[in-house]
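Everything on this sheet refers to the single structure shown next.
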Amino acid sequence: MGEVKVTDDVWIGGSHPCFIIAEVGQNHQGDIEVAKKLIKAAKEAGASCVKFQKTCLNEKFTKKYLERPYDSSNSWGKTYGEHKRHLEFSDTQYRELFKYAQEVGILVTASAMDMVSFDALLNLKVPFIKIGSGDSNNLLFLKYAASKKIPLVVSTGMVDKQAVKTIYDIISAVHKNFCLLHCVSAYPVPYEDCNLTVLQDYKNTFDVPVGYSGQEIGTAVALGAVALGAKVIEKHITLDKGLKGTDHVCSLTPVEFAQLVRDVRVIEASLGTPIKRVVTSEIPCIDKLQKSLVMGSTKNKGEILYPGDVKIKVAEPKGLNALHFDDVIYKTLVYDKKEDEPLHEGDFC
Ligand SMILES: CC(=O)N[C@H](C=O)[C@@H](O)[C@H](O)[C@H](O)COP(=O)(O)O
Ligand SMILES: C=C(OP(=O)(O)O)C(=O)O
């Protein structure tokens, strides 16, 4: 399985820690001070990276689309264009935000929501660029993004496996410094639609790190994704789920995000290897409670041990491990043994 170099010190995949992206998205409400609070919150929560969404509206949307009325409770304007303009930071503001993230000490990047924004992010020298599910069918953009050879994290919401294979083929024809994220683009995603086992299929199909971008409520599904091998997790972060905006409902508060990070690290530590073996931490319990072979009745030297003559009990001192029950049956005692006495190698032949 490949690994993705994000910076000289930060890698994704292999045995590297799961890369956890705090997706601010639009949860900054178009307010740069809120954006800075979310950057700080992501850092304090232990996120690997904080991420915004950078859009050149006329590049991403048709004029007509921007003129559409947007009377949703999540709208910041009468039309979709007004709404989006409210939420879009300028290049200067992005430079201010990225400088702040550097001061706070957290990697920062954005999703390029169109090619113009992609180039703007290249100029901002971000460590990697996210391609959101809005472009999972945009093969032209994916070819362009691949050609720039910057590490990419690509979400695969809103398309099927065949399209994901095409995404993989397009980018891997140029380079392998990218990850594919399973994603279901609904806000929020019903749990039964999360389809986490797609991750197993992605791991079997693609030789690049795979991850999960979750729009479901809570942290449980993202933790399940880590258990299934996700090397990148992306979850939205918000200061308050009650705020106006489409994504707040499926976002995590800073406290929840910090818990997600802690739990991801617990799951990573607990995964271990597929080899089932007795581990050192079990020794005290083995000594105290593992059962062993003891005499079920008093028998003398020369007598045969029939099935009823050997019991499996917790004993002190211990007898032979109970796994050897069948090795002892029908053997002949070489010493007199009392009921409940442990049976050891050498007590029979
Ligand atoms: C698919 C995609 O881009 N999804 C993004 C990331 O998950 C979202 O943040 C959308 O930008 C957001 O839900 C749009 O909300 P509205 O339409 O209210 O601006
Ligand atoms: C839409 C985005 O992400 P995802 O598809 O992972 O939800 C994004 O990063 O802007």
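None of the values given here were measured: they were computed from a predicted structure. The analysis underlying the following values was restricted to heavy atoms, covering all of them including side chains, and did not include hydrogens, waters or symmetry mates. Both ligands and their constituent atoms are indexed starting at 1 by order of listing.
Looking only at heavy atoms of the protein, atom 14 (C) of ligand 1 is closest to Gln26 NE2, 3.6 Å. Of the protein's non-hydrogen atoms, Gln53 OE1, 3.1 Å is the one closest to atom 11 (O) of ligand 1. Ranking the protein heavy atoms by distance from atom 3 (O) of ligand 1 puts Met113 CE, 3.6 Å first. Nearest protein neighbour of atom 17 (O) of ligand 1, counting heavy atoms only, is Tyr80 OH, 2.6 Å. Distance from atom 1 (C) of ligand 1 to its nearest protein heavy atom, with residue and atom name: Tyr187 OH, 3.7 Å. Scanning the protein for heavy atoms near atom 18 (O) of ligand 1, the closest one is Thr246 OG1, 2.4 Å.
Both Val50 and Val34 are members of a single hydrophobic cluster when ILVMFWY side chains are connected at heavy-atom separations under 4.5 Å. A chain of hydrophobic side-chain contacts below 4.5 Å, direct or via other Ile, Leu, Val, Met, Phe, Trp or Tyr residues, connects Ile129 to Ile106.
Residues Phe19 and Phe128 bring their aromatic ring centres within 6.0 Å.
The aromatic rings of Phe89 and His28 sit tilted relative to each other, their planes meeting at an angle between 30° and 60°.
The pair Lys231-Glu268 does not meet the salt-bridge criterion, since no charged nitrogen lies less than 4.0 angstrom from a carboxylate oxygen.
With hydrogens and angles disregarded, a donor-acceptor distance shorter than 3.5 Å links the side chain of Asp160 to the backbone of Ala163. Between the side chain of Asp201 and the main chain of Val198, no donor-acceptor pair closer than 3.5 Å is present. Counting only distance, with no hydrogens or angles, the side chain of Asp309 and the backbone of Gly296 share no donor-acceptor pair below 3.5 Å.
Relative to the ring axis of Tyr100, Lys36 places its NZ or CZ within 45° and under 6.0 Å from the centre.
The side chain of Tyr70, and not its backbone, has at least one atom closer than 4.0 Å to an atom of ligand 1 (non-hydrogen atoms only; side chain from C-beta on). The proximity of Asp247 to ligand 1, defined as any non-hydrogen pair under 4.0 Å, is limited to the side chain.
At least one N/O-N/O distance between Lys84 and ligand 1 falls below 3.5 Å.
Remark: ligand 1 atoms within the under-4.0 Å shell around heavy atoms of His236 are 6 (C), 7 (O), 9 (O). Within ligand 1, counting atoms from 1 as listed, the ones closer than 4.0 Å to a heavy atom of His83 are 16 (P), 18 (O), 19 (O).
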Nitrogen or oxygen contacts under 3.5 Å, ligand 2 side and protein side:
residue, atom, partner, partner atom, Å
ligand 2, 3 (O), Lys130, NZ, 2.9
ligand 2, 5 (O), Ser133, N, 2.7
ligand 2, 5 (O), Ser133, OG, 2.5
ligand 2, 6 (O), Lys130, NZ, 2.8
ligand 2, 6 (O), Ser155, OG, 2.5
ligand 2, 6 (O), Ser213, OG, 2.6
ligand 2, 7 (O), Gln215, NE2, 2.5
ligand 2, 9 (O), Lys51, NZ, 3.0
ligand 2, 9 (O), Ser111, OG, 2.5
ligand 2, 9 (O), Lys130, NZ, 2.8
ligand 2, 10 (O), Ser111, OG, 3.1

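Contact between Val294 and Asp340 at its shortest, heavy atoms only, is CB-O, 3.8 Å.
For the side-chain contact (heavy atoms from CB on, under 4.5 Å) with Thr55, the qualifying choice from Gln26, Lys84, Arg85, Lys60 is Lys60, the only one to do so.
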